[in-house]
Amino acid sequence: MSWEMLSAIGQLAAVLIGIPSLIYLAIQIRNQSKESQRGAANVLIAHWTDFRKSISDNADLAAIHLRGLQSFEDLNPVEKLRFGSALGRIFVLSEGLYLFYLDGALSSELWKTFEQTTADLIAYPGAQAWWATRKHWHTARFRALVDRIIAERRKPTLYERYADRTHERKT
């Protein structure tokens, strides 16, 4: 056996040993990337839960939220700030989840629940008035999604049963 033959066998052995190692490394990197994306999505979902808790734990903010959805313009400056901050928080979370969905890091089923929440909120005239003042803070892809939802002209029904109808009962 010549040195050239031994060298060729050595190179072949190195390739045969190296290929599984490269495949293993690629799988590990892909899994780590998916785990990182899942972790980030979980953080956004936790923020979503925190937002919902802040509305339920603060009657004043809940009242501002309900009034603001009907008319952003009828709120005083402090209420506009509070309503806008709360709604902005929802839309930043929704945008983050939407981008994770587009990248394949969030399941379609889970994204659809957040998309529906976004659609339910943006159906209100007050939310649309606020969106017009802040949509430039969002990515082009998310702006296109929200603008498409607005163009569908859905009827606002999210808080339909929460409306103050005491004056209707008296008449």
Side-chain angles (χ1 to χ4, degrees), residues 32-171:
Q32 188 176 29
S33 177
K34 286 283 187 192
E35 280 304 312
S36 178
Q37 290 172 337
R38 283 186 191 107
N42 285 337
V43 167
L44 288 173
I45 291 168
H47 283 294
W48 178 258
T49 303
D50 288 345
F51 165 76
R52 293 178 65 195
K53 186 177 181 332
S54 72
I55 291 284
S56 67
D57 289 353
N58 186 326
D60 184 43
L61 182 57
I64 291 168
H65 182 73
L66 290 172
R67 284 194 344 267
L69 287 173
Q70 299 303 320
S71 175
F72 182 65
E73 297 308 319
D74 286 349
L75 299 175
N76 69 42
V78 172
E79 291 172 334
K80 283 181 182 178
L81 177 63
R82 293 185 75 192
F83 174 75
S85 293
L87 206 55
R89 190 172 172 193
I90 294 170
F91 278 76
V92 165
L93 292 172
S94 188
E95 178 177 26
L97 291 167
Y98 179 57
L99 296 175
F100 278 125
Y101 163 70
L102 292 178
D103 288 341
L106 187 69
S107 73
S108 175
E109 182 179 26
L110 186 55
W111 163 244
K112 292 297 179 190
T113 65
F114 287 97
E115 181 181 33
Q116 187 59 53
T117 301
T118 303
D120 286 345
L121 286 170
I122 204 63
Y124 285 90
Q128 290 178 18
W130 169 83
W131 176 251
T133 69
R134 293 296 181 257
K135 69 184 194 175
H136 63 280
W137 287 0
H138 296 273
T139 63
R141 291 191 290 180
F142 187 70
R143 283 194 311 262
L145 172 72
V146 174
D147 288 342
R148 179 186 52 77
I149 292 169
I150 291 170
E152 293 173 1
R153 298 184 185 274
R154 295 181 186 199
K155 181 182 176 200
T157 59
L158 179 63
Y159 297 113
E160 185 176 76
R161 294 183 180 187
Y162 302 174
D164 182 9
R165 299 183 193 265
T166 55
H167 66 281
E168 293 175 9
R169 286 185 238 148
K170 293 178 183 177
T171 58

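Remember, predicted model here, so these are calculated numbers, not experimental data.
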Go through it in stages, so that I can follow the logic: the residues are Lys112 and Glu109, the test is salt bridge (charged side-chain N to carboxylate O under 4.0 Å, His left out), and I'd like the CA-CA distance, side-chain angles, deciding distance and then a yes or no. CA-CA 5 Å; Lys112 292 297 179 190; Glu109 182 179 26; over 6 Å; no
Set of residues satisfying ring-ring contact (aromatic ring centres under 6.0 Å, His included) with respect to Tyr98, sequence neighbours excluded: Trp111
Are there more than 12 heavy atoms of other residues, nucleotides or ligands under 6.0 Å from atom CZ of Arg153? no
Contacts of Thr133 meeting side-chain hydrogen bond (donor to acceptor under 3.5 Å, both in side chains) (sequence neighbours excluded), chain-then-number -> none
What is the minimum heavy-atom distance between Ser54 and Arg89, and which atoms define it? OG-NH1, 4.0 Å
Do Phe83 and Leu69 make a side-chain contact, defined as non-hydrogen atoms from C-beta onward lying under 4.5 Å apart? yes
Show me the pairs that pass salt bridge (charged side-chain N to carboxylate O under 4.0 Å, His left out) and involve residues 56-65, at least two apart or across chains. Lys53-Asp57, Asp60-Arg82
Once rounded to the nearest 0.5 Å, what's the spacing between atom CG of Leu61 and atom CD1 of Ile55? 4.0 Å
CG (Asn76) and CD1 (Ile64) are apart, to the nearest 0.5 Å, by 7.5 Å
Verify whether the ring centers belonging to His138 and Trp131 lie closer than 6.0 Å. yes
In Å, rounded to the nearest 0.5 Å, how long is the span from OG of Ser94 to CG of Leu121? 9.0 Å
Across all chains, not counting sequence neighbours, the side-chain hydrogen bond (donor to acceptor under 3.5 Å, both in side chains) partners of Arg67 are Glu79
Going from OG1 on Thr118 to CD1 on Ile90, what distance comes out if it is rounded to the nearest 0.5 angstrom? 8.0 Å
Applying side-chain hydrogen bond (donor to acceptor under 3.5 Å, both in side chains) to Gln128 and not counting sequence neighbours gives none
Residues Gly68 and Leu75: closest non-hydrogen pair is CA-CD1, 3.6 Å
Could you measure the distance from the CD atom of Glu95 to the CG atom of Leu145? Nearest 0.5 Å is fine. 10.0 Å
Assess whether side chain to side chain donor-acceptor pair (under 3.5 Å) is satisfied between Gln70 and Asp74, documenting all intermediate values. CA-CA 9 Å; Gln70 299 303 320; Asp74 286 349; over 6 Å; no
Straight-line distance of Arg154 CZ to Asp120 CG, nearest 0.5 Å: 7.0 Å
Decide ring-ring contact (aromatic ring centres under 6.0 Å, His included) for Phe91 and Trp130; before the verdict, give the C-alpha distance in whole Å, the side-chain angles of both, and the deciding distance to 0.1 Å. CA-CA 11 Å; Phe91 278 76; Trp130 169 83; 5.4 Å; yes
Quick test of your reading: applying salt bridge (charged side-chain N to carboxylate O under 4.0 Å, His left out), list the pairs with at least one residue in residues 127-146, sequence neighbours left out, ordered by first then second residue. Lys135-Asp147
